[in-house]
Number of protein chains: 2
Amino acid sequence: MDTGDRLLTPGEVAALFRVDPKTVTRWAAAGRIGSIRTPGGHRRFRESEVRALLEGEGMLDEAEDVGKPRNVGPATSTGPGPANAGMY
Amino acid sequence: MDTGDRLLTPGEVAALFRVDPKTVTRWAAAGRIGSIRTPGGHRRFRESEVRALLEGEGMLDEAEDVGKPRNVGPATSTGPGPANAGMY
DNA sequence: ATGTAGTGGGGTAATTCGGGCT
DNA sequence: TGTGTCCGAATTACCCCACTAC
């Protein structure tokens with residue numbers, strides 16, 4: 001099935017993350033993001049991969065928040081939600 | 001999409017609020033402001049969200065809405081759409 | 001084949017991160 | 001409780017030039 005394997009250039013990914021194209025290249029070099037190399041050596045990234053990293057790092061099942069617009073208390077220690085694969 | 005999804009760096013947000021970048025980081029850690037992390041661990045903030053906080057529209061009566069209005073429509077309009085038409 | 005734009009690689013400065021303290 | 005500053009460390013941004021992509 002086609003997961004939208006649209007290939008993006010480093011410049012595209014950089015614009016999405018608001019970073020420098022060189023930084024995106026560094027991510028690929030560090031193995032933090034999948035990269036496809038062209039015969040010339042340039043890198044190309046998958047749209048699906050970048051999208052997953054952009055906001056839904058945890059790919060959590062986004063539930064409808066229509067029944068709770070009143071919660072202003074951050075006391076939800078049960079799980080803030082997006083527990084990205086942080087390792088910093 | 002067109003909500004001005006321009007991402008800002010902690011330094012930018014800090015300059016907007018006249019506070020230290022560290023303080024902005026605390027807000028993100030407290031969940032008071034949405035934050036997007038780069039594979040490297042750095043944070044990026046949405047211009048629209050920062051703007052709402054600056055305007056004070058985010059702390060009206062109780063309309064605190066820091067969540068992300070995820071459009072669960074049938075169409076995956078979440079994407080920016082036809083950004084590049086056959087670039088490579 | 002030539003030209004423009006983007007990309008790659010290396011190196012250095014600036015920013016940000018994380019935790020702890022005043 | 002919330003903000004600003006300290007530290008060390010990692011990550012990122014911008015500089016150069018050479019090569020690739022169209």
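Proteins get letters first, then strands, A, B, ... in listed order; numbering begins at 1 in each. Keep in mind that what you see is a predicted model, and the values were worked out from it rather than measured.
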request  = Give a yes or no answer on whether the side chain of A:Asp20 reaches the backbone of A:Lys22 with a donor-acceptor pair at less than 3.5 Å.
outcome  = yes
inquiry  = Reading DNA chain D from 5' onward, which residue's closest nucleotide shows up sooner: A:Gly41 or A:Val19?
reply    = A:Val19
query = Could you state the CG-P distance from B:Asp20 to C:dG19, rounded to the nearest angstrom?
reply = 18 Å
ask   = Taking a pair as Watson-Crick or G-U wobble with both distances under 3.5 Å, which nucleotide is matched to D:dG4?
value = C:dC21
inquiry  = Could you check whether any side-chain heavy atom of A:Trp27 comes within less than 4.5 Å of a side-chain heavy atom of A:Leu53, counting everything from C-beta outward?
reply    = no
task = Would you tell me if any nitrogen or oxygen in the side chain of B:Trp27 comes within less than 4.0 Å of OP1 or OP2 on D:dG2?
result = no
task = Take atom NE2 of A:His42 and atom P of D:dA18, then tell me their distance rounded to the nearest Å.
result = 15 Å
request  = To the nearest Å, give me how far apart CZ (B:Phe17) and C1' (D:dG4) are.
outcome  = 17 Å
request  = Check whether any side-chain nitrogen or oxygen of B:Thr9 sits under 4.0 Å from OP1 or OP2 of D:dT12, and answer yes or no.
outcome  = no
query = When only distance counts, do a donor and an acceptor, one from the side chain of B:Lys22 and one from the base of C:dG19, lie under 3.5 Å apart?
reply = yes
key: Under 3.5 Å: donor-acceptor pair, side chain of B:Glu47, backbone of B:Asp5   = no
inquiry  = Can you give me the closest heavy-atom contact between B:Leu7 and A:Leu16, atom names plus distance?
reply    = CD1-O, 3.1 Å
key: For atom CZ of A:Arg32 and atom P of D:dA10, their distance in whole Å   = 11 Å
message = D:dT11, OP1 or OP2 - any side-chain N/O from A:Thr23 closer than 4.0 Å?
response = no
query = How many Å lie between CD on B:Glu12 and P on D:dA13, as a whole number?
reply = 12 Å
ask   = Donor-acceptor pair under 3.5 Å: do we get one between B:Arg26's side chain and the base of C:dG20?
value = yes
ask   = Roughly, in whole Å, what's the span from CZ in B:Arg37 to P in D:dT11?
value = 12 Å
inquiry  = For D:dT12 and B:Arg44 - does any side-chain N or O of the residue sit under 4.0 Å from the phosphate oxygens OP1/OP2?
reply    = no
inquiry  = In this structure, how many angstroms lie between the C1' atom of C:dT16 and the CG atom of B:Leu8, rounded?
reply    = 15 Å
query = Within less than 4.0 Å of OP1 or OP2 of C:dT7, is there a side-chain N or O belonging to A:Thr25?
reply = no
query = Can you check the A:Ile33 CD1 to D:dT11 C1' distance for me, whole Å?
reply = 16 Å
ask   = Do the side-chain N or O atoms of A:Arg43 get closer than 4.0 angstrom to the phosphate oxygens (OP1, OP2) of C:dG9?
value = yes
ask   = Would you call A:Val24 and A:Phe45 a side-chain contact if the rule is heavy atoms closer than 4.5 Å?
value = yes
